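Scroll down for the structure; my scribbles are underneath it.
Since the model is a prediction, treat every value here as computed from it, not as a measurement.
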Amino acid sequence: MSVGILGTKVGMTQFFDETGLSIPVTVIQVGPCVVTQIKSMSTDGYSAIQVGYKQVAEQKLSKPLLGHLKKSQSPPLKYLREYLIESTEGFEVSQVFSTDIFEVGQKVNVSSKSIGKGFSGYQKRHHFSRGPMSHGSKNHRQPGSIGAGTTPGRVYPGKNMAGQMGNKKVTIKNLQIVSINIENDLLMLKGAVPGKQGALVKVSK
C-alpha cells in the first residue's frame with residue numbers, strides 16, 4: 001500500500017479544460033499532513049507510516065494524544081491515520097507533505113463517510129417496488145413477505161428491511177485528478193466524492 005493523504009471536502013463545481021469542455025469536479029483541500037510516527041518491523045512487527053492532519057487547540061485533545069504528538073515534536077493534530085507500506089525509506093518524523101505527492105491525470109481512491117439520511121423505508125433504502133395503489137389494496141409501501149413461517153421459522157440476518165440509511169464509510173475508486181492548486185492545497189477530482197461539505201476525506205493512490 002502507498003501513503004495517502006487526509007483532507008476536507010470543499011464542494012463541487014465545474015472545470016473547463018483546454019477544449020472548453022465543462023467537467024464536473026469535487027474540490028478537496030488536502031493537507032498539509034505531518035508524519036507523526038514511523039513503525040518498523042524491528043520495533044512494532046510491521047511497517048507503517050502514521051499521518052496527522054488538521055491542527056487544533058491543545059484543549060481539544062486528550063493528554064495521552066498530546067504526549068504522543070510531542071514525542072515527534074508535532075503540533076496538536078485532530079486526525080491520525082496509519083498506512084501500511086513495504087518500506088519506510090524516504091520518510092522522516094515531522095515530515096510535511098501535501099499536493100506535491102500527486103500529479104494531474106493521476107487516478108486516486110477517495111474514502112469518506114456518506115451523508116446520513118436517517119431512518120428510511122424500503123423503497124428509498126433498497127429500491128423496492130411499491131404495491132398496487134388501487135382501492136382495496138392494503139400493500140402500498142409494505143415490504144411483503146420476509147420469509148417462510150415454519151421453516152426456517154425466523155428472519156435471516158442481512159434481510160433488506162427499513163433502517164438507517166447512509167452514514168457509512170464509502171470508497172470511490174479511480175477518480176481522475178483534473179487540476180491541482182498548489183498554493184491553496186486544493187485537488188480537483190472528476191466526479192462526485194462521498195460525504196457532505198467539511199467531511200474528512202482520505203485520498204490514496
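Cluster note: I146 groups with Y122, F128, V155, M161 through ILVMFWY side-chain heavy atoms spaced under 4.5 Å, whether in direct contact or through intervening members.
Linking ILVMFWY side-chain heavy atoms closer than 4.5 Å, directly or via other members, places L80 and I49 in two distinct hydrophobic clusters. Follow the hydrophobic side-chain contacts under 4.5 Å out from I172 and you never reach V27; the two are in separate clusters.
S94 places no side-chain N or O within donor-acceptor distance of the main-chain N or O of V34, the cut-off being under 3.5 Å. With T26 contributing its side chain and M12 its backbone, the two residues share no donor-acceptor pair below 3.5 Å. For the pair N109 (side chain) and N174 (backbone), a donor-acceptor distance under 3.5 Å is present.
Enclosure of atom NZ in K205 by more than 12 non-hydrogen atoms of other residues, nucleotides or ligands within 6.0 angstrom is indicated. For CG of L21, the number of neighbouring non-hydrogen atoms (other residues, nucleotides, ligands) closer than 6.0 Å is greater than 12. Atom NZ of K113 has 12 or fewer neighbouring heavy atoms from other residues, nucleotides or ligands inside a 6.0 Å radius.
Looking at residues two or more places apart in sequence or on another chain, you find a side chain to side chain contact (heavy atoms under 4.5 Å, CB included) between K168 and S114, R125.
Atom CZ of residue R81 and atom CD1 of residue I5 lie 13.5 Å apart, to the nearest 0.5 angstrom.
Nearest heavy atom pair, residue T36 against residue G52, reads CG2-N, 4.0 Å.
Counting only N and O atoms by type, the side chains of S40 and T43 include a donor and acceptor under 3.5 Å apart.
Side chains of H140 and R130 form no contact here, defined as non-hydrogen atoms less than 4.5 Å apart. Annotation: side chain of V110 is not in contact with side chain of K9 (no heavy-atom distance under 4.5 Å).
Sequence neighbours left out, not one pair with a member in residues 185-195 passes salt bridge (charged side-chain N to carboxylate O under 4.0 Å, His left out).
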